[in-house]
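Encoded as C-alpha cells, the structure appears first; notes follow it.
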Amino acid sequence: MLINHLRLADLMQQHKEELATIESIDSGAVYTLALKTHIGMSIETWRYFAGWTDKIMGNTIPISHARPNKNLTFTKKEPIGVCGLVTPWNYPLMMLSWKMAACLAAGNTVVIKPAAVCPLTALKFAELSAKAGIPPGVINVVTGSGGLVGNAIAAHPDVRKLGFTGSTEIGQVIMKTCAESNLKKVSLELGGKSPLVIFSDCDLDKAVRLGMQSVFFNKGENCIAAGRLFVEASIYDEFVRRVVQETKKMTVGDPLNRSTAHGPQNHYAHLKKLLEYIDIGVKQGAKLRYGGKRVDRPGYFLEPTILSDVEDNMFVAKEESFGPIMCISKFHDGDVEGVIKRANATEYGLASGVFTKDLSKAMKFAESIDAGTVFINTYNKTDVGAPFGGFKQSGFGKDLGQDALNEYLKTKCVTLEY
Ligand code: NAD
Ligand code: MN
C-alpha cells in the first residue's frame, strides 16, 4: 500500500484547491483554514502512514528460562479484515484521513460513512482513490444517515473493527451495537470540554492570541476546543478586556473570501443549539461580554461569543458547545491545586492546556490532568506523528502516530518448539 498512499497524497495535493473549496462550501470552514488544515493535514496524514506500511512488525519473546531453550515465540501484527468508519462533520476529509490512512496502512479494507450533512469531500476522495490505483473494493464510501447507514456498519457481522469519531451520546450507542452484533473491536473519539488554565506568570500576549484560537478555531467546531478558560484572579479583568478587544476585530463573513476569519456554523440545527446554549448561560448568571447573536446575513452565522463569570455549577461550565463560545472562569491567585481539581471535574478527558512560564507548575498540571492531550504554552498543536485521543467519556483508542496503527491490527503469537 506504500505506493498507493503516496499516489493518493500526490493526487490530493494536485486537487487541494478543489478539495478545500468543496470543504469550505460544504462545512462552512473558511477557505484558508480548509486549505491549510482540513486538506493540508489530510495530505500529511496519508504521507505519514505511507511510512508505516513497510514497518509493521512483531517481537521475538523469550518464553522459557530452561536451558537449552527449545522454543521460539514471536508475534505477528495482522490486519483485522473489514473495518467500518463513521465520522463527524467538523473536519470531514481530515477525520476520514486520520482513520483511513492508518486502517489501510495496516492492510485492512474499509467501509466509511461520512457525516450526512458533509459527505462531499469523501465522494471526491473516493474518485481520487480510484485514480490512485487502489483496487476496487478496498475503499467503500456509503453516504446516508447515522441511524440507517452508520448503524448498519456498526451492526454488520462481517465488520471486525469500528472506528468512530462523534458525540459521546452516539459513541455509547455504537459501542452497544458493536457488542451485541459480533463483539467487534471499537475505538471511540468522542466529545470534550477541555480546560485551559491561564496563570498570571504567562506570556499574556500569547495567552490572549492562543486563548482565542483555542475556542474560535474552525468556528469552535473543534473537538479539542477549550470548553472552559480558567484565568488567575490578578490578570482576569485584563484578560477578559483583551480577548473582547481582539474578538471585535475578527471578520465574519463568506468563508470563500480569503480575508474572512470566521465562517458560518455547519448547519442550522447546530446554530440553533448554540443560541440556546448562550441563552441558558446568560439566564444562569454568566456575563455576556461580546457577541451572542445570529449575524444578520444569509447563512448560519453566529458572532464569536464571550461569556465571563462562569461558575462551576452552570450548564455552560459542564456541557460541550462545539461552537465559538468562550466560557471564562476565575480562580484564586496561586491556587494551583484548586484549579487543577476544577479542571478535572468533568466527565470528559480529551484535551487540556496551561499557560505559565513556570515549568514545574506546567509539569505538575501535565501530570495531574486526566486528559489524553496536554498543551503547554501552545494550543491546537496536533501533528500526524503525535497520538490523539481522549480519556474518560471522551472515549478510548488513538488516531495518528504509531498508536493509531495498533487500533487496526491484531497481534498473533506463534510458539514453535524445536
Ligand atoms: P454525532 O455523534 O451526532 O455523529 C457522528 C457520526 O455518527 C455521523 O456520521 C452520524 O451520522 C453517525 N451516527 C449517528 N447516529 C448513529 C447511529 N445510531 N449508529 C451509527 N452511526 C450514527 O456527532 P456529530 O454531531 O457529527 O459531531 C459532533 C460531535 O463529535 C461532538 O461531540 C464532538 O466533540 C465530536 N468530535 C470528536 C472528535 C474527537 O476526535 N474526539 C473529533 C470531532 C468531533
Ligand atoms: Mn450530531
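None of the values given here were measured: they were computed from a predicted structure. Quick note: residue numbers are just sequence positions, from 1. Every number for a ligand or one of its atoms is a count from 1 in the order of the listing.
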Taking only non-hydrogen atoms of L350 and a 4.0 Å limit, the atoms of ligand 1 in range are 41 (N)
Looking only at non-hydrogen atoms, the one of L85, N218, L190, I170 nearest atom 15 (N) of ligand 1 is I170
- Task: May I ask you to check whether S394 has an N/O atom sitting below 3.5 Å from an N/O atom of ligand 1?
- Result: no
One should read off an interatomic distance between M175 CE and L188 CG, to the nearest 0.5 angstrom, of 6.5 Å
> Does an N or O from N90, backbone or side chain, lie closer than 3.5 Å to an N or O of ligand 1?
Replying inline: no
Within 4.0 Å of some non-hydrogen atom of K113, the atoms of ligand 1 are 9 (O), 10 (C), 11 (O)
Distance col, row M95:CE vs S42:OG, nearest 0.5 angstrom, shows 8.0 Å
Within 4.0 Å of some non-hydrogen atom of N151, the atoms of ligand 1 are 19 (N), 20 (C)
- prompt: Do other residues, nucleotides or ligands put more than 12 heavy atoms under 6.0 Å from Q13 CD?
  reply: yes
For S200, the side chain to side chain contact (heavy atoms under 4.5 Å, CB included) test, sequence neighbours excluded, returns E232, S234, I235
If you measure every N/O of A116 against every N/O of ligand 1, is any gap under 3.5 Å?
no
- Message: Both conditions, 6.0 Å and 45 degrees, for the charged tip of K161 above the ring of Y408: are they met here?
- Response: yes
Between the CD1 atom in I134 and the OG atom in S129, the distance rounded to the nearest 0.5 Å is 5.5 Å
Under 4.0 Å from one or more heavy atoms of T87, ligand 1 contributes atoms 6 (C), 8 (C), 9 (O)
Nearest heavy atom to atom 39 (C) of ligand 1, choosing from G144, C223, S167, belongs to C223
> Are a donor atom and an acceptor atom from the side chains of T356 and D201 found within less than 3.5 Å of each other?
Replying inline: yes
One finds that the ligand 1 atoms under 4.0 Å from a non-hydrogen atom of P88 are 26 (O), 27 (O), 43 (C), 44 (C)
The answer for which part of I224 has a heavy atom under 4.0 Å from ligand 1 is neither
Numbered in order shown, the ligand 1 atoms found under 4.0 Å of a heavy atom of E189 are 37 (C), 38 (C), 39 (C), 40 (O), 41 (N)
Ranking F164, F388, Y91, F322 by closest non-hydrogen atom to atom 40 (O) of ligand 1, top hit is F388
A student comparing T165, I112, D399 should find that the heavy atom closest to atom 5 (C) of ligand 1 comes from T165
Looking at S145, G146, P114, G372, the heavy atom closest to atom 19 (N) of ligand 1 belongs to G146
Counting heavy atoms under 4.0 Å, the part of E169 that contacts ligand 1 is neither
Are any of the heavy atoms in A115 under 4.0 Å away from ligand 1? yes
Under 4.0 Å from one or more heavy atoms of V86, ligand 1 contributes atoms 6 (C), 7 (O), 9 (O), 12 (C), 21 (N)
Working note: T411 + K77, criterion side-chain hydrogen bond (donor to acceptor under 3.5 Å, both in side chains); need CA distance, chi angles, decisive distance, verdict.
CA-CA 5 Å; T411 304; K77 296 282 185 182; 3.0 Å; yes
Check: D370 side chain, K392 main-chain N or O, donor-acceptor pair, under 3.5 Å: no
In this structure, NZ of K99 is separated from CZ of F164 (nearest 0.5 Å) by 9.0 Å
One finds that the ligand 1 atoms under 4.0 Å from a non-hydrogen atom of G150 are 19 (N), 20 (C), 21 (N)
Residues passing the side chain to side chain contact (heavy atoms under 4.5 Å, CB included) test with A101, sequence neighbours excluded, are H5, T45, W46, F49
When rounded to the nearest 0.5 Å, the distance separating CG of L104 from CG of N4 is 9.0 Å
